[in-house]
Amino acid sequence: MQTADGARRDIVSVNLGQRTYDIHIGENLLQEAGRYIAPLLSRPFAAIVTDENVARHHLKALEASLTAAGIVSVAIILPAGEKTKCFTALADLCEQLLAAGVERQDKVIAFGGGVIGDLTGFAAAILRRGVEFIQVPTTLLSQVDSSVGGKTGINSAHGKNLIGAFLQPVMVLADTSLLETLPRRELAAGYAEVAKYGLLGDLSFFEWLEANSEILLRGDAQARAYAIHRSCSAKAAIVAQDETEQGMRALLNLGHTFGHALEKATGYSSRLLHGEGVAIGMVQAFRFSEHLNHCKAGTADRVARHLKAAGLPTHMNEIEGPLPPVSDLVNIMKQDKKAQSGKLTFILARAIGDAFIARSVPESAVADFLKEDLKSK
Ligand code: GLY
C-alpha cells in the first residue's frame with residue numbers, strides 16, 4: 001500500500017486469536033504514531049521507555065506525534081546497551097513506571113532496539129500483574145525479530161535471556177526511516193537476523209539477499225522494506241503456530257546457542273553485539289552441520305561469505321580479546337533454554353533454507369567441533 005505522498009506501507013498480522021496484532025512497516029511512521037496508538041488507549045496517556053541514543057535522535061518526534069493526537073506522555077530514558085537488560089534496571093524501570101502513575105489499563109511504549117523492547121515487555125508483563133505494551137522498534141534487529149513474537153526478558157549471571165515472560169505486544173510500529181540514523185555496525189548486526197530467515201527456511205529469500213544485501217545495507221528504501229516485510233511475515237507464521245516455543249519456534253534460534261554463549265563469554269559488552277554473535281553462531285551451526293555430515297561441504301563457506309560481505313564477523317577468532325576455554329563455552333551452553341534433561345539442543349541444517357532441531361547433541365561432539373573450529377582460521 002502507498003500513502004498519498006507515495007510512502008510505502010505494509011501490514012503483517014500475527015494471528016494469535018484474541019491476541020492477534022498488526023506489525024505496521026513503513027517510512028516516516030513515527031510522525032503518525034499518535035494516530036496509530038490513540039485508538040488503543042483507554043485514556044489519553046502513555047509511558048514511553050527508551051534509551052539515551054534513541055531519545056537523542058527521535059524522542060521529540062514521538063512525543064510530538066502523541067501530543068498531536070491528544071495523548072499526554074511521560075518518557076523514561078535508560079542507559080543504552082545490553083548491560084541494561086538486568087534485574088537492577090528492571091526494578092528501577094518498574095518503580096519509575098509506577099511513579100509515573102501507569103495504571104493497569106494504560107499502555108507502555110517500548111521505543112528502541114532489542115534491549116529496550118525485551119526489558120520493557122518484561123516490565124509490562126509484571127507491572128500491576130500485567131499491562132499492555134506497544135513496540136516501536138528503532139533498529140533493524142528489533143524491526144525484523146525481537147519486537148515481534150512476545151519474547152520478553154533480561155539476562156542472568158547464568159546466561160542470556162534466561163529470565164522473562166511471553167507477552168505479545170498489542171501493536172508493532174516499524175518506521176524504516178529510523179534506520180537512517182543507525183550506526184553501520186548496528187545495521188550489520190540486525191542484518192544477521194534478516195539473513196537468518198533465509199538460512200533457516202527460505203532459500204529463495206537467501207538468494208534474493210545475496211543479490212540485494214549491498215543496496216539494502218547502503219540504504220535502498222525499497223530493498224529494506226521488502227526484507228523487513230519478508231522477515232516479519234516468516235516470523236509471524238512461525239509464532240502463530242508455536243507461540244511459546246514447544247517445537248518449531250526453536251528454529252528462530254539458528255546460531256543463537258553458539259552466539260549467546262559468546263555474548264556471555266564477552267560480558268555482554270561492545271566486544272560483541274547480539275547480531276554479531278548470531279552471525280558467528282550461524283556460520284558455526286552450518287560448520288557443525290557439515291562436521292556431523294548433515295549438510296554438503298562448502299555450505300558454511302557460502303554462508304560465511306555472505307555475512308562477511310555484509311560487514312559481520314564470521315569466526316570466533318575475530319572477537320577482540322581472550323575467550324574462555326572450550327569447556328567453559330560448553331558449560332555456558334548447558335544453560336541454554338532449549339536444553340532438555342541436561343542435553344544440548346542445536347538448530348542445524350541440511351542445506352541453506354532447511355534447518356532442523358537436533359536434540360540431545362552430545363557435549364563431547366560440541367567440544368570437539370569447537371576445538372577444531374578455533375584452529376581453523
Ligand atoms: N528471537 C527468537 C524468537 O523470537 O523466537
Side-chain angles (χ1 to χ4, degrees), residues 12-16 19 21 23 82 85 110 112-122 124-125 133 135 137 139-155 159-169 172 174 186 189-202 205 227-228 230-264 268 272-282 285 333 335-340 345-349 355-359:
V12 175
S13 289
V14 185
N15 295 310
L16 289 166
R19 287 171 299 108
Y21 58 94
I23 308 162
E82 190 72 31
K85 260 176 75 170
V115 169
I116 288 296
D118 287 8
L119 176 71
T120 306
F122 190 29
F133 83 120
Q135 289 268 21
T139 62
L140 183 57
L141 187 136
S142 56
Q143 293 189 354
V144 298
D145 189 57
S146 61
S147 70
V148 176
K151 280 189 179 175
T152 75
I154 56 173
N155 302 327
K160 173 104 176 166
N161 294 340
L162 294 183
I163 299 152
F166 282 100
L167 178 70
Q168 299 295 338
V172 181
E186 293 271 357
Y191 182 78
E193 298 277 6
V194 175
K196 178 184 81 176
Y197 293 103
L199 292 172
L200 74 89
D202 190 346
F205 183 41
I228 294 169
R230 195 140 168 186
S231 301
C232 287
S233 301
K235 180 149 189 185
I238 291 177
V239 169
Q241 288 178 70
D242 181 20
E243 181 182 6
T244 58
E245 201 170 303
Q246 304 305 309
M248 72 179 299
R249 183 167 178 170
L251 294 174
L252 294 171
N253 268 297
L254 177 65
H256 284 58
T257 308
F258 290 117
H260 283 171
L262 293 171
E263 275 187 88
K264 159 106 175 62
Y268 305 113
L272 189 71
L273 301 180
H274 171 66
E276 294 171 339
V278 169
I280 295 172
M282 290 194 298
M333 287 178 202
Q335 283 284 358
D336 182 73
K337 292 188 295 311
K338 295 183 295 306
Q340 283 186 355
T345 296
F346 280 86
I347 310 307
L348 300 179
F356 65 96
I357 302 166
R359 303 219 183 264

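Both counts, for ligands and for their atoms, begin at 1 and track the order of listing.
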Donor-acceptor contact present, side-chain [X] to main-chain [Y], <3.5 Å:
{"X": "K235", "Y": "D145", "result": "yes"}
{"X": "Q246", "Y": "T244", "result": "yes"}
{"X": "Y268", "Y": "K85", "result": "no"}

Measure the acute angle between the ring planes of H256 and H274, then classify it against the limits of 30° and 60° as parallel, tilted or perpendicular. perpendicular

Near ligand 1, which residues have a heavy atom under 4.0 Å away from one of its atoms? D145, K151, K235, E245, R249, L252

Inspect the contact between K160 and E82 and indicate whether a charged nitrogen and a carboxylate oxygen are less than 4.0 angstrom apart. yes

Sequence neighbours excluded, the answer for side-chain hydrogen bond (donor to acceptor under 3.5 Å, both in side chains) partners of Q168 is Y21, E243

